[in-house]
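Presented below is the structure to which this report refers.
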Amino acid sequence: MTTTPSPEPHRSTTTVGIVGAGPAGLMLSHLLARDGVDNVVVDNRSYAEIEQTVRAGILEAGSVRLLVDSGVSDRVLREGDEHAGIEIGFDGRLARIDFADLVGSSVWLYPQTDVFIDLAAARSRDGGDVRFGVTDTSVDDLTSDRPVLRFTDADGVPHELRCDLLVGTDGSRSICRRAIPETQRQQSFREYPFAWFGILCEAPASAPELVYSHSDRGFALISQRTETLQRMYFQCRPDTDVENWSDDRIWAELQSRVNVNGLELREGPITSRTVLRFRSSVCEPMRYGRLLLAGDAAHTVPPTGAKGLNLALADVGVLAPAIRAFLATGTERELDDYSVRALQRVWKAQHFSSWMTSMLHLPPDASVFDLRRQQAEIRSIIDSRAGSTYLAEGYTGWPA
Ligand code: DHB
């Protein structure tokens, strides 16, 4: 029997190896390159695969500033939609949370796909090294001062890339996180007894801003994409099969959940339907030796607070200067400080997302008591300037 010897890997070096070319990885790559820090980004997905995944749509003002001020692109300001508030639907009526009035801030409707397109274009414009469609990715020697990133590129060539630092921005199923021994990390989880049924539909917008609707049939969220394409979600069981849901059944469910005065839900053909399962998770610390984690690789939040993408961008906004300081001084404290600082925001966002979720979603076994208590909780937020301000601060994002 003959065996084919595995080809010798192509050996090279860089300062920072980044696993994952989603918004966190590409933004970090951009910020480091701007400071003259050499880096390579790899992702096992193709460009098209990432671009075509439908993701969330809300950017905090701080995320918009990061994109614009760091020179990625100002397309968000031209093509995004600034929202100075949201509507909360409950008990047959709508109440507006006015971000501009309450906290002098706003958010932007600008889908994650567009953030990815802008970042990938900026990396390409600036000569960044981003490899899509790699396979067999692994990380090793994490506690040495020359950790290694191994992968096979899209042409089948194996690579061994020695780095000063590795960063895992490779999403919730992160191989980087799993490379950290379990004894060296604290994993916190919370599962939820529901999921979101998400649709895209060809219809005009039903409302100028997002509508978060509580109802005795469960939660629904009316969001937008363009003048002719809309994004909507409704709470469903995690085991829901989209095949059992016709357009008519979906519209009947959505209509029953946003049955409030002052809102007419505009229907149209449904072009995409998916069930999004969600849970809260945090990995602490966000550092192990020369490996750092950022974004979903380190933490996931339920989508109700629109925090996932914003947290990922906030992480790398803290990580890039920490890496700079570490490279300038060789002081590992800078890397620990990153984890400590990032986790403060992460846990605030965990709390905010879990609070919004529990306030607006009906648990499967909810009693009349539970329903009335939730309605009272919503009323105590919207009837109170202090309560509304608390929601507005969390939704628009805390200062860095
Ligand atoms: C969207 C998603 C969210 O999770 C959210 O809270 C608001 C909007 C969206 O996809 O538009």
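For ligands, and for the atoms within them, numbers begin at 1 and follow the listed sequence. Heavy atoms only: backbone and side chains are in, while hydrogens, waters and symmetry mates are out. All values derive from a computational prediction rather than experimental measurement. Residue numbers count from 1 along this sequence.
Its side chain within the 4.5 Å cluster rule, L200 clusters with V54, L229 among the Ile, Leu, Val, Met, Phe, Trp and Tyr residues.
For ligand 1, one of its N or O atoms has an N or O atom of R225 under 3.5 Å away. In terms of polar-atom proximity, defined here as any N/O pair under 3.5 Å, P303 does make such a contact with ligand 1. Between Y233 and ligand 1, an N or O atom pair is found at a separation short of 3.5 Å.
Of all the listed residues (S223, G57, S353), S223 holds the heavy atom that lies closest to atom 11 (O) of ligand 1.
Here is the list of ligand 1 atoms found below 4.0 Å of a heavy atom in T304: 6 (O). Ligand-side atoms of ligand 1 in range of L210: 7 (C), 8 (C), range being under 4.0 angstrom from any heavy atom. Interface of A306 with ligand 1, defined as ligand atoms under 4.0 Å from a residue heavy atom, comprises 5 (C), 6 (O). Those atoms of ligand 1 with a heavy atom of L221 less than 4.0 angstrom away are 3 (C), 5 (C), 6 (O), 7 (C), 8 (C). Counting atoms of ligand 1 from 1 in the listed order, those under 4.0 Å from a heavy atom of I58 are 7 (C), 8 (C). Heavy-atom contacts of Y212 reach the following atoms of ligand 1: 5 (C), 6 (O), 7 (C) (cutoff under 4.0 Å).
With sequence neighbours excluded, no residue forms a salt bridge (charged side-chain N to carboxylate O under 4.0 Å, His left out) with R178.
Each of N39, T169, D126 was scored for a side chain to side chain donor-acceptor pair (under 3.5 Å) with S29, with one residue passing: N39.
Residues D337 and R287 are not paired through a salt bridge, judged by the lack of any N-O separation under 4.0 Å between the basic side chain and the carboxylate. Ion pairing between R131 and D43 fails under the 4.0 Å rule for side-chain N and carboxylate O. A salt bridge does not link R249 with E253: every distance from a Lys NZ or Arg NE/NH1/NH2 to an Asp or Glu carboxylate oxygen is 4.0 Å or more.
The shortest distance between side-chain heavy atoms of F194 and F278 falls below 4.5 Å.
Remark: K348 is not positioned above the aromatic ring of W355, lacking an NZ or CZ atom under 6.0 angstrom from the ring centre and at most 45 degrees off the axis.
For W196, every heavy-atom contact with ligand 1 shorter than 4.0 Å involves the side chain, none the backbone. With a heavy-atom cut-off of 4.0 Å, Y110 does not touch ligand 1 at all.
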